[in-house]
Amino acid sequence: MDTGLLILRVAVGLLIAGHGVQKVSFRLGGNGLAGGIEEFRHDGFRGGALTALAAGAGQIGSGLFLALGALTPMAAMVAIGVMTVAFTVKWPHGLWVQHDGYEYPLVLVVVCAALSFTGSGRWSVDHAVGLTHWPVWLSGVAAALGVASGLLTRLVLHRPATDERTIADARTAD
């Protein structure tokens, strides 16, 4: 079981962190901070650089903490929050990723929630410092707060646009 958790944590954590790196830099195929800002604006979010930096930092930090197995429920909570926002962006396209759907963000939310409940395993920072058993209620609260924070972020930062002119006006207003 510990080997499986290690493989899962490292793979998912590094993918989430890498996605954050892409939002704020030219590394790993990213388009720099300007590209991250444009991605959020294209998806209808306000906030400019602050939004891109917050999302990138949340993904990088939570991904690295998950990969290390450090403060796993809290790292999962942040990753769930960011991926819930991505889920809401992809929602109109349906489930499947072939149509730009929410399949991938949903998988990451579920995996992060599962890691919050299972713990990080024996080969982790949590285990090394004696945090081997998180209370189930804490894992549940962390998963619920992750989803809630993602939905709240969407509610606060997303601006619905009714036509192309509204979208263009909104982009120039930021």
Side-chain angles (χ1 to χ4, degrees), residues 4-25 27-120 139-161 167:
L5 287 172
L6 175 67
I7 292 168
L8 185 64
R9 276 193 355 260
V10 170
V12 168
L14 292 180
L15 285 170
I16 291 171
H19 196 69
V21 167
Q22 289 178 322
K23 286 206 176 2
V24 297
S25 77
R27 299 200 182 275
L28 304 177
N31 294 315
L33 182 57
I37 293 167
E38 181 55 33
E39 177 185 346
F40 279 102
R41 286 186 176 157
H42 178 266
D43 290 336
F45 287 88
R46 52 177 76 87
L50 184 59
T51 302
L53 286 170
Q59 289 175 318
I60 294 166
S62 66
L64 292 177
F65 271 66
L66 283 171
L68 293 169
L71 302 174
T72 302
M74 282 61 75
M77 177 182 66
V78 174
I80 289 168
V82 175
M83 296 319 300
T84 296
V85 173
F87 178 95
T88 67
V89 169
K90 304 291 186 183
W91 176 262
H93 306 284
L95 175 63
W96 302 113
V97 73
Q98 289 87 347
H99 303 288
D100 198 29
Y102 59 87
E103 172 187 1
Y104 183 62
L106 177 61
V107 167
L108 291 177
V109 166
V110 170
V111 168
C112 290
L115 284 171
S116 179
F117 282 98
T118 63
S120 53
S139 298
V141 168
L145 284 176
V147 171
S149 70
L151 293 175
L152 183 61
T153 299
R154 170 71 181 216
L155 182 68
V156 170
L157 293 181
H158 192 261
R159 56 175 172 253
I167 293 170

Point to revise | Least distance between heavy atoms, G150 atom then V85 atom | key: O-CG2, 3.4 Å
**Study point:** Close side-chain approach of H19 to Q22, heavy-atom, < 4.5 Å
**Key:** yes
Review point. How far apart are the C-alpha atoms of C112 and I16, what are their side-chain angles, what is the distance that settles it, and do they pass the side chain to side chain contact (heavy atoms under 4.5 Å, CB included) test?
Key: CA-CA 10 Å; C112 290; I16 291 171; 3.9 Å; yes
Practice item. Give the minimum heavy-atom separation between Q98 and E103, together with the two atoms involved. Key: OE1-OE1, 4.2 Å
Exercise for review: For T153, enumerate each residue passing the side-chain hydrogen bond (donor to acceptor under 3.5 Å, both in side chains) test, keeping only those at least two apart in sequence or located in another chain.
Suggested key: none
Practice item. Using a 4.5 Å cut-off on heavy atoms from C-beta on, say whether the side chain of V89 contacts that of F45. Key: yes
Practice item. Write down the atom of L151, the atom of T88, and the distance for their closest heavy-atom approach. Key: CD2-CG2, 3.9 Å
Point to revise | Heavy-atom side-chain contact between K90 and D100 under 4.5 Å | key: yes
**Study point:** Minimum heavy-atom distance G81-S149, with the two atoms named
**Key:** CA-OG, 3.6 Å
**Study point:** Between CG on residue D43 and CZ on residue R159, distance to nearest 0.5 Å
**Key:** 10.5 Å
Exercise for review: Measure the shortest side-chain to side-chain distance between F40 and R46 over non-hydrogen atoms and say whether it is less than 4.5 angstrom.
Suggested key: no
Check your understanding: Roughly how far, to the nearest 0.5 Å, is the CZ atom of R154 from the OG1 atom of T84?
Key -> 12.0 Å
Exercise for review: Please step through side chain to side chain contact (heavy atoms under 4.5 Å, CB included) for the pair I37 and T51, ending with a clear verdict.
Suggested key: CA-CA 7 Å; I37 293 167; T51 302; over 6 Å; no
Check your understanding: Is the side chain of S120 donor-acceptor paired with the backbone N or O of A70 at a distance under 3.5 Å, no angle test?
Key -> no
Review point. From L108 CG over to L15 CG, what is the distance, rounded to the nearest 0.5 angstrom?
Key: 7.5 Å
Check your understanding: Between NE2 of H42 and CD of E39, what distance do you get to the nearest 0.5 Å?
Key -> 9.5 Å
Review point. After noting the C-alpha distance and the side-chain angles of Y102 and L95, does the key distance pass the side chain to side chain contact (heavy atoms under 4.5 Å, CB included) rule?
Key: CA-CA 5 Å; Y102 59 87; L95 175 63; 3.5 Å; yes
Only pairs under 3.5 Å count here: list side-chain donor-acceptor contacts from residues 56-67, not counting sequence neighbours, and write none if there are none.
residue: Q59; atom: OE1; partner: G20; partner atom: N; Å: 3.4
residue: S62; atom: OG; partner: G58; partner atom: O; Å: 2.7

Check your understanding: How long is the span from the NZ atom in K23 to the CG atom in N31, to the nearest 0.5 Å?
Key -> 10.5 Å
Revision key, fill the gap. Closest heavy-atom pair, L115 versus R9, reported as atoms and distance to 0.1 Å, is CD2-CG, 3.9 Å
Review point. Looking at A52 and G36, what are the two nearest heavy atoms and their distance?
Key: CB-C, 3.9 Å
